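To start, the structure itself, in structure tokens.
These numbers come from a predicted model, not from an experiment. Per chain, numbering begins at 1; letters A, B, ... match sequence-line order.
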There are 2 protein chains.
Amino acid sequence: MNHNHTELFFLLKQVDLQLTQLFDDKLDISLTRYEIMRLLHHEEAVTQTYLQRKLMINQAAITRHVKVLETKELLKRVRNPDNNREVLVTVTSKGKDLLDQCELSKVTMMHQLFENYTDEDIDFVINFLHSLKSASRHMLDQEEEQT
Amino acid sequence: MNHNHTELFFLLKQVDLQLTQLFDDKLDISLTRYEIMRLLHHEEAVTQTYLQRKLMINQAAITRHVKVLETKELLKRVRNPDNNREVLVTVTSKGKDLLDQCELSKVTMMHQLFENYTDEDIDFVINFLHSLKSASRHMLDQEEEQT
DNA sequence: GATTTATAATTGACGTATCAACAGTTGACT
DNA sequence: AGTCAACTGTTGATACGTCAATTATAAATC
């Protein structure tokens, strides 16, 4: 049984590395940046902390991604006048266009990858991963409290 | 349906990032390096190309990891006298000791993470990921052939 | 109001992955 | 034996994640 668990850890890494690369190759934007743009698309304006909480990656990484996306004019950043610690991030029309342009490539790629799976299969794996994410998050938080 | 698939991509990344960090925190060795050591443990001597094929990460990354592990005396490298292009990699007794020392921490962590899942659940997810890995590998290889 | 604590974002340093280029070697062919 | 293609490993540069330290600001406390 231990063998399966160790196998699962590294298998997740392998799959992630490959899917991330495939995504970038097909859509010409990284998976993380795409997720940032997608989150912005559904909101008026968000803080970088919101992005961090949603994506569960380090604040520093958010800053770096957001700065690059701003340089590409895909989003705008402005200090929040109501709270000068916060930076508000909003999608530009150019950013919305990019998401639209990505849609066909994305759907084609997803179809090619997932055509052999049922919705139930995929939902099962998603639920599995969600609970695994929570469990590992919990264990990491426990470590923090002990220091 | 698209929503589930996009969600799955980034969810895999989040889970991988967290599990990788948890693994490192608990065992004090990175997941990739642990896998290298584990592969060496089961073989007499292997080439770096063997490691690359097994782990499915870039050759450059293998070289860098193996060099560090050699510095730590966990493995040895020697040119293959039968083929001077190849470097043969073997585990040291210190390396074997390290794997032994990791075992308890690893089992404890795995138990904590997976105690709520059945073997069937885990096997299902592993099979799912294996086929997803193959599908993405196939799509990436197709890209290469077109260039 | 003054002080302390907490928060948000940024920057530097580092680890680990990728690609590209390279050096040296082997295998296939003439 | 000479040439070319393929192979193996290495190195430099880059991307992207982490942690730690920092700056500025808001919130909490006295």
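Heavy-atom neighbours of Glu44(A) CD from other residues, nucleotides or ligands within 6.0 Å: at or below the threshold of 12. Other residues, nucleotides and ligands contribute over 12 non-hydrogen atoms within 6.0 Å of the CG atom of Asn80(A).
Looking at Arg137(B) and Asp141(B), a side-chain N of the basic residue comes within less than 4.0 Å of a carboxylate O on the acidic one, giving a salt bridge. A salt bridge links Glu103(A) with Lys106(A): the distance from a Lys NZ or Arg NE/NH1/NH2 to an Asp or Glu carboxylate oxygen falls below 4.0 Å.
Computed from coordinates, the Ile36(A) CD1 to dC16(D) C1' distance equals 11 Å when rounded to whole Å. Computed from coordinates, the Asp24(A) CG to dC19(C) P distance equals 10 Å when rounded to whole Å. Rounded to whole angstrom, the span from the OH atom of Tyr34(A) across to the P atom of dC16(D) amounts to 17 Å. When the P atom of dT18(C) is taken as reference, atom CG of Leu55(B) falls 10 Å away, rounded to whole Å. Taking atom CD1 of residue Ile29(A) and atom P of nucleotide dA15(D), one finds them 15 Å apart after rounding to whole Å. Separating the CG atom of Leu140(B) from the C1' atom of dT18(C) is a distance of 12 Å, rounded to the nearest angstrom. With rounding to whole Å, Gln14(B) atom CD is found 16 Å from dT18(D) atom C1'. The nearest whole Å value for the distance from the CD atom in Gln21(B) to the P atom in dT16(C) is 12 Å.
For Asn84(A) and Arg33(A), each mapped to the nucleotide of DNA chain D holding its nearest heavy atom, the one lying further toward the 5' end belongs to Arg33(A). Along DNA chain D, the nucleotide nearest Ile57(A) and the nucleotide nearest Asp82(A) are compared for position; the residue whose nucleotide lies closer to the 5' end is Ile57(A).
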Dot-bracket notation for DNA chain D, counting Watson-Crick and G-U pairs under 3.5 Å, with | for partners on another strand: ||||||||||||||||||||||||||||||
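Using a distance-only test at 3.5 Å, with no hydrogens or angles considered, a donor-acceptor pair links the side chain of Gln18(B) to the main chain of Lys133(A).
Under the rule for a salt bridge (Lys or Arg N to Asp or Glu O under 4.0 Å), Glu43(B) has no partner lying at least two apart in sequence or in another chain.
No chain of hydrophobic side-chain contacts below 4.5 Å, direct or via other Ile, Leu, Val, Met, Phe, Trp or Tyr residues, connects Phe9(B) to Met56(A). Leu39(B) and Leu88(B) sit in two unconnected hydrophobic clusters of ILVMFWY residues. Membership requires side-chain heavy atoms under 4.5 Å apart, directly or through other members.
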Nucleotides 4-13 of chain C: protein proximity per nucleotide (B base, S sugar-phosphate only, - neither; heavy atom, under 4.0 Å): --BBSBBBBB
Stepwise ring pair (Phe, Tyr, Trp, His ring centres under 6.0 Å) test for Phe10(B) and Tyr34(A): CA-CA 10 Å; Phe10(B) 202 74; Tyr34(A) 179 84; 9.9 Å; no
